[in-house]
Peer 1: 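Dropping a structure here in structure tokens format, bear with me for questions.
Since this is a predicted model, take the numbers as computed values, not measurements. As a basis for the values below, the full set of heavy atoms in this structure was taken, side chains included, without hydrogen atoms, waters or symmetry mates.
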Amino acid sequence: MEKIKMTTPLVEMDGDEMTRILWQYIKDELLLPYIDLNTEYYDLGLEKRNETDDQVTVDSALATKKYGVAVKCATITPNAARVKEYNLKEMWKSPNGTIRAILDGTVFRAPIVVKGIEPCVKNWKKPITIARHAYGDVYKGSEMKIPGPGKVELVYTDENGNETRELVHDFTGAGIVQGMHNINKSIESFARSCFNYALDTKQDLWFATKDTISKKYDHTFKDIFQEIYDNEYAEKFEAAGIEYFYTLIDDAVARVMKSEGGYIWACKNYDGDVMSDMISSAFGSLAMMTSVLVSPDGYYEYEAAHGTVQRHYYKHLAGEETSTNSVATIFAWTGALRKRGELDGNKELMEFADKLEKATLDTIESGKMTKDLALITTLQDVTVLNSLDFIRAIRQTLETM
């Protein structure tokens, strides 16, 4: 069989620990036999980031701007223990944070739905996609412990030195305070990414904040979304037969629990962090969750939503067998290959991505799966496979297609 050709490279970002092992298995078993794989390779493993003073992460993000599509393996964000373990020069920042800042993207996460892994919420029939703003709020917050009585104020000093003040609280005793911010430009990018992704995937878009309480901060998010929708997207949404609406986050949560799914739920940074974990857990597993960073300029970076599976990696190093779920990493590759095919008009590549996803789900539905899924499946008499054998079982299914 002649291999599928690629006209434009994908940016390939390799990663760490057990997911790095799975990365190579996936390429060897599921991609290279069928595709003349054309990638621009960047090693984002912690050793290489340390060796290059993290320049390799910046270079991979700039390459994504050049080629438009990237696929990323899970990476370690080092803490104090990792600095010691890997003998690092410093505690390097999260690669995801660096890449998101350069691409100015929004993270879209959706569960991979498969028969036999039933959602905890019985009426959820279709995936719910969380669109998470990836800048500001508590993640860029400044905090202070207040030792005793005193006044805390927000102070804005303009370019001419003029001050505007707003009382936060007049403390009569000890307490705590936090200041956080966002910028209109980032909120505008977030809105456009959400509207574009909704049009791309032909799904309704919901947006929710707490503007009744936060009459300036959250209300600004609401106003920016509405203004951009009215001026740039209303007609496109109508033509596509999809809907955008804003609601309070309390109402959104109630609606989500009663819905069938099948829409995009846009959230501010913290809300998106929490709600994507809730959605993934309720649908079954973080290892069954797709994640794509979409920039308003049309750059796409696909990855798994989970970490590097450290515990399994140490078992692997000790020569012990692991049963690590590779589904989210496979879907990162298929998402990137499909988008590459779409942008290049390469129908064969798009069809291959669809077939590989179907082969993965068919393999699980036939009762062959990794241990994490075997523990929660409603299927009877399942076969638990190790990490490599699961990928090989998918290849067998793919061959029959």
Side-chain angles (χ1 to χ4, degrees), residues 1-15 19 22-42 44 60-74 99 103 105 108-110 112-114 127 129 193 196-197 199-203 288-295 297-305 326-364 390-401:
M1 191 182 83
E2 195 180 334
K3 289 186 182 184
I4 297 164
K5 296 280 186 289
M6 291 175 65
T7 51
T8 316
L10 266 183
V11 177
E12 179 186 350
M13 305 173 183
D14 210 342
T19 41
L22 297 177
W23 195 258
Q24 197 58 51
Y25 288 167
I26 291 164
K27 284 172 69 177
D28 290 344
E29 295 288 334
L30 300 177
L31 304 178
L32 292 170
Y34 309 100
I35 304 170
D36 195 358
L37 203 58
N38 182 3
T39 71
E40 187 162 301
Y41 179 86
Y42 293 86
L44 299 197
S60 71
L62 295 175
T64 305
K65 280 190 165 186
K66 180 180 177 183
Y67 293 112
V69 186
V71 59
K72 181 181 172 293
C73 184
I99 293 162
L103 299 182
F108 294 89
R109 288 189 166 167
I112 299 161
V113 178
V114 58
T129 302
S193 290
N196 289 338
Y197 197 75
L199 287 168
D200 267 1
T201 58
K202 300 283 189 290
Q203 293 185 91
M288 300 288 285
M289 192 88 170
T290 62
S291 183
V292 55
L293 179 74
V294 181
S295 153
D297 297 317
Y299 314 127
Y300 296 80
E301 183 242 331
Y302 294 81
E303 61 182 339
S326 51
V327 173
T329 307
I330 293 168
F331 273 61
W333 273 104
T334 54
L337 290 167
R338 186 185 295 105
K339 181 54 71 175
R340 180 77 281 158
E342 189 184 305
L343 295 177
D344 294 351
N346 187 338
K347 197 177 170 203
E348 270 191 296
L349 198 58
M350 293 165 70
E351 285 174 351
F352 174 80
D354 292 343
K355 279 180 185 169
L356 180 49
E357 287 185 3
K358 187 175 187 318
T360 304
L361 299 181
D362 285 356
T363 301
I364 296 168
F390 176 61
I391 289 168
R392 284 179 173 157
I394 293 168
R395 182 174 177 177
Q396 282 182 334
T397 309
L398 186 63
E399 293 283 358
T400 64
M401 292 164 68

Peer 1: Do Thr397 and Asp362 have a side chain donor and acceptor closer than 3.5 Å?
Peer 2: no
Peer 1: Around Lys3, counting heavy atoms of other residues, nucleotides and ligands shown, do more than 12 lie under 6.0 Å from its NZ?
Peer 2: yes
Peer 1: So that I can tick it off, tell me whether Glu351 and Lys355 are bridged by a salt bridge, with the cut-off set at under 4.0 angstrom between side-chain N and carboxylate O.
Peer 2: no
Peer 1: Could you walk me through whether Glu301 and Thr64 pass the side chain to side chain donor-acceptor pair (under 3.5 Å) check?
Peer 2: CA-CA 8 Å; Glu301 183 242 331; Thr64 305; over 6 Å; no
Peer 1: Tell me, yes or no, whether the heavy-atom count around Glu399 atom CD, taken from other residues, nucleotides or ligands under 6.0 Å, exceeds 12.
Peer 2: yes
Peer 1: Residues in side chain to side chain donor-acceptor pair (under 3.5 Å) with Asp14, at least two apart?
Peer 2: Tyr41
Peer 1: Given 3.5 Å as the limit, does a donor-acceptor pair link the side chain of Thr334 with the main chain of Glu357, or not?
Peer 2: no
Peer 1: Whether Glu12 and Lys72 form a salt bridge (side-chain N of Lys/Arg under 4.0 Å from carboxylate O of Asp/Glu) is what I want to check.
Peer 2: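 No.
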Peer 1: For the NZ atom of Lys65 and the OH atom of Tyr299, what is their distance to the nearest 0.5 Å?
Peer 2: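 Reported to 0.5 Å precision, the distance equals 5.5 Å.
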Peer 1: Nearest 0.5 Å please: distance from the CZ atom of Arg340 over to the OG1 atom of Thr7.
Peer 2: 7.0 Å
Peer 1: With no hydrogens and no angle check, is any side-chain donor or acceptor of Thr19 less than 3.5 Å from a backbone partner on Cys73?
Peer 2: no
Peer 1: Ion pair present between Lys358 and Asp354, side-chain N to carboxylate O less than 4.0 angstrom?
Peer 2: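 Salt bridge absent between Lys358 and Asp354.
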Peer 1: Mind checking whether Tyr34 and Phe352 have parallel, tilted or perpendicular rings, split at 30° and 60°?
Peer 2: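 Tilted, since the angle between the ring planes falls between 30° and 60°.
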Peer 1: What's the spacing between Ile394 CD1 and Leu398 CG if we round to 0.5 Å?
Peer 2: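 Separation between the atoms: 9.5 Å.
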Peer 1: Is it true that a side-chain atom of Thr290 and a backbone atom of Ala110 form a donor plus acceptor pair closer than 3.5 Å?
Peer 2: yes
